[in-house]
Colleague: 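Could you have a look at this structure, given as structure tokens, before my questions?
For reference, positions follow the sequence shown, starting with 1.
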Amino acid sequence: MNSPITYSVYVKSIIFEANNVLAYELRPVKDVKLPLFCAGAHIDLIIEGITPRSYSLLNDPCETNRYVIAVAKDTKSRGGSRLIHEKLRAGDRLQVSAPKNYFPLAEGAHRTTLIAGGIGITPLWSMAQRLNALGAPWDLFYFARNRESAALLERIERSSGTGHLHLNLALDIEATIERIQAIFAEDDGERHYYCCGPSGMLEAYKAAAAKVPSERVHYESFAPMQEANTAGGYEVSLARTGKTLMIQEGQTLLDALCEAGVEVMNSCREGICGACEVRVLEGIPDHRDSILSHAEREANKTMFVCCSGSKSPNLVLDL
């Protein structure tokens, strides 16, 4: 399998956005043309010494000459966000992937509700800017501990355009759940909903949205919502190579594929970035990713092999 195409960029500027949150403006080096992106997209950062990390693009999709991301310094960081905060400086060069989008904005005559928790604001602010450009109405419900920890807040307040900001500060878990339930209680039968935030918020969001058709309910996680399947005990047939693998207990499917010399693009290994998506030809996957919608999981057309396993004794994959 060919290596993914990457693009050379440099850090044009670094801006303090909130407590432990820095925004990085990435510009292409000379003669490099960055691919266009749509609201909700993310890129992978490839930096020496750090496992590739995925970050949502927060800038307006009409901008063709730069990518802007925000990185929250995680106190439980395995090295990625901490090293980016401490090592990446203005002028530094790095490689980025082409934008990928598993959280696309549905454009239409309907209204749009955006629900953000913490650093989950980044893809939603890109969506809001796109909706502004379309002259489409939107509501943003932004949950944060306080103003000092609310990234992009000044930008949003300054450029709300066709939308309305509903700021929710210092709410406990119960109050957050009640607020999200109240949002869905006013569903008009056409509105589309988008949520990005910590796993607890996403679980509350999905529960509150249970009666809304899934095609109008969208979400993205920046942390794994389930542990990877390492139960093993199933067989995987590879349609293109003719290989058959027995997945052992303690292995992920991706681990088994790599050990067998089968090249599969991968990055996060947590079912977040979407790099390892593989087409399913037969069998029933045990989906553990944070990307596929309920309807997409039921269809069983693709799976993310870094974290998902199998519910059936055998899977046949397009590999």
Side-chain angles (χ1 to χ4, degrees), residues 21 39-42 53-58 70-72 74-76 81 100-106 112-128 138-145 149-152 166-187 191-229 268-274 286-298 303-304 306-308:
V21 179
H42 67 268
R53 290 290 191 270
S54 300
Y55 293 99
S56 296
L57 294 170
L58 64 87
V71 179
D74 187 351
T75 56
K76 300 178 181 179
S81 66
K100 294 170 282 188
N101 200 339
Y102 297 97
F103 191 40
L105 175 67
T112 300
T113 291
L114 311 170
I115 303 173
I119 196 61
I121 187 61
T122 51
L124 300 184
W125 177 230
S126 183
M127 291 181 181
W138 52 270
D139 290 280
L140 169 60
F141 294 85
Y142 191 177
F143 295 80
R145 289 190 299 275
S149 64
L152 312 182
H166 309 268
L167 193 57
N168 299 269
L169 301 177
L171 298 186
D172 59 21
I173 295 174
E174 290 75 15
T176 299
I177 292 173
E178 290 177 2
R179 188 73 178 105
I180 293 173
Q181 289 173 337
I183 293 169
F184 281 99
E186 298 180 0
D187 179 55
R191 185 182 296 261
H192 278 246
Y193 300 87
Y194 300 82
C195 183
C196 186
S199 57
M201 167 176 278
L202 288 174
E203 291 300 334
Y205 170 82
K206 290 191 287 183
K211 295 182 180 180
V212 177
S214 60
E215 60 267 22
R216 293 197 285 114
V217 178
H218 319 272
Y219 58 88
E220 183 174 60
S221 174
F222 51 78
M225 297 183 68
Q226 299 183 73
E227 291 186 2
N229 183 316
C268 71
R269 290 181 171 258
E270 295 180 329
I272 298 171
C273 74
D286 175 21
H287 297 289
R288 299 292 183 92
D289 63 274
S290 302
I291 298 172
L292 295 176
S293 67
H294 176 74
E296 288 168 332
R297 291 184 177 210
E298 290 292 312
M303 67 183 297
F304 296 92
C306 70
C307 60
S308 300

Colleague: Would you name the heavy atoms of C306 and G271 that are closest together and state the gap between them?
Modeller: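 Closest approach of C306 to G271, heavy atoms only: SG-N, 3.2 Å.
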Colleague: Side chain to side chain contact (heavy atoms under 4.5 Å, CB included) between Y142 and L152: does it pass, once the steps are laid out?
Modeller: CA-CA 11 Å; Y142 191 177; L152 312 182; 5.6 Å; no
Colleague: NE2 of H192 to CE of M127: how many Å apart, nearest 0.5 Å?
Modeller: 11.5 Å
Colleague: Return each pair, listed once, that meets side-chain hydrogen bond (donor to acceptor under 3.5 Å, both in side chains) where at least one residue sits in residues 167-180; pairs must be two or more places apart or across chains.
Modeller: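 Every pair satisfying side-chain hydrogen bond (donor to acceptor under 3.5 Å, both in side chains) with a residue in residues 167-180: N168-R179.
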Colleague: Of all the heavy-atom pairs spanning A151 and V21, show the shortest one and how long it is.
Modeller: CB-CG1, 3.8 Å
Colleague: Do any N or O atoms from the side chain of N229 and from the backbone of H287 form a donor-acceptor pair under 3.5 angstrom?
Modeller: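 The answer is no, because no donor-acceptor pair under 3.5 Å joins these two groups.
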Colleague: Which heavy atom of A295 sits nearest a heavy atom of S214, and at what distance?
Modeller: CB-OG, 4.2 Å
Colleague: First locate atom CD1 of I291, then atom CZ of R297, and finally report the distance between them rounded to the nearest 0.5 Å.
Modeller: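 Output value for this atom pair is 9.5 Å.
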Colleague: Test of understanding: with salt bridge (charged side-chain N to carboxylate O under 4.0 Å, His left out), list the residues that count as partners of D286, not counting sequence neighbours.
Modeller: R288
Colleague: For the atom pair OG (S221) and CG (D289), what is the distance rounded to the nearest 0.5 Å?
Modeller: 10.0 Å
Colleague: Can you confirm whether or not the ring centre of Y193 sits under 6.0 Å from the ring centre of F184?
Modeller: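 Yes - the distance between ring centres of Y193 and F184 falls below the 6.0 Å cut-off.
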Colleague: Once rounded to the nearest 0.5 Å, what's the spacing between atom CE of M201 and atom CD1 of I173?
Modeller: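 M201 atom CE to I173 atom CD1 measures 11.0 Å (nearest 0.5 Å).
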Colleague: Applying salt bridge (charged side-chain N to carboxylate O under 4.0 Å, His left out), name anything that partners R269, two or more places apart in sequence or on another chain.
Modeller: D255
Colleague: Measuring from atom CD1 of I183 to atom CD1 of I115, what distance do you get when rounded to the nearest 0.5 angstrom?
Modeller: 4.0 Å
Colleague: With a 4.5 Å cut-off on side-chain heavy atoms, are W138 and Y194 touching?
Modeller: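 No - every pair of side-chain heavy atoms lies 4.5 Å or more apart.
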Colleague: Do the non-hydrogen side-chain atoms of L292 and F304 ever get within less than 4.5 Å of each other?
Modeller: yes
Colleague: Could you tell me which non-hydrogen atom of E220 sits nearest to which non-hydrogen atom of P123, and how far apart they are?
Modeller: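 Minimum heavy-atom separation between E220 and P123: OE1-CG, 4.0 Å.
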Colleague: Could you walk me through whether D187 and R216 pass the side chain to side chain contact (heavy atoms under 4.5 Å, CB included) test, one step at a time?
Modeller: CA-CA 11 Å; D187 179 55; R216 293 197 285 114; 2.9 Å; yes
Colleague: For the residue pair L114 and L124, what are the closest heavy atoms and their distance?
Modeller: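 Heavy atoms of L114 and L124 come nearest at CD1-O, 3.6 Å.
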Colleague: Could you tell me whether R191 and D139 make a salt bridge, using a distance below 4.0 angstrom between a side-chain N and a carboxylate O?
Modeller: yes
Colleague: Going by the angle between their ring planes, with limits at 30° and 60°, are Y205 and Y219 parallel, tilted or perpendicular?
Modeller: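 Y205 vs Y219 ring planes: perpendicular.
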Colleague: Which heavy atom of Y102 sits nearest a heavy atom of H42, and at what distance?
Modeller: CD1-CE1, 3.9 Å
Colleague: Atom CG of L202 and atom OG of S290: how far apart are they, to the nearest 0.5 Å?
Modeller: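 L202 atom CG to S290 atom OG measures 8.0 Å (nearest 0.5 Å).
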Colleague: Given the rule in the side chain to side chain contact (heavy atoms under 4.5 Å, CB included) test, do Y55 and T122 qualify, once you have shown the distances and angles that lead to the verdict?
Modeller: CA-CA 9 Å; Y55 293 99; T122 51; over 6 Å; no
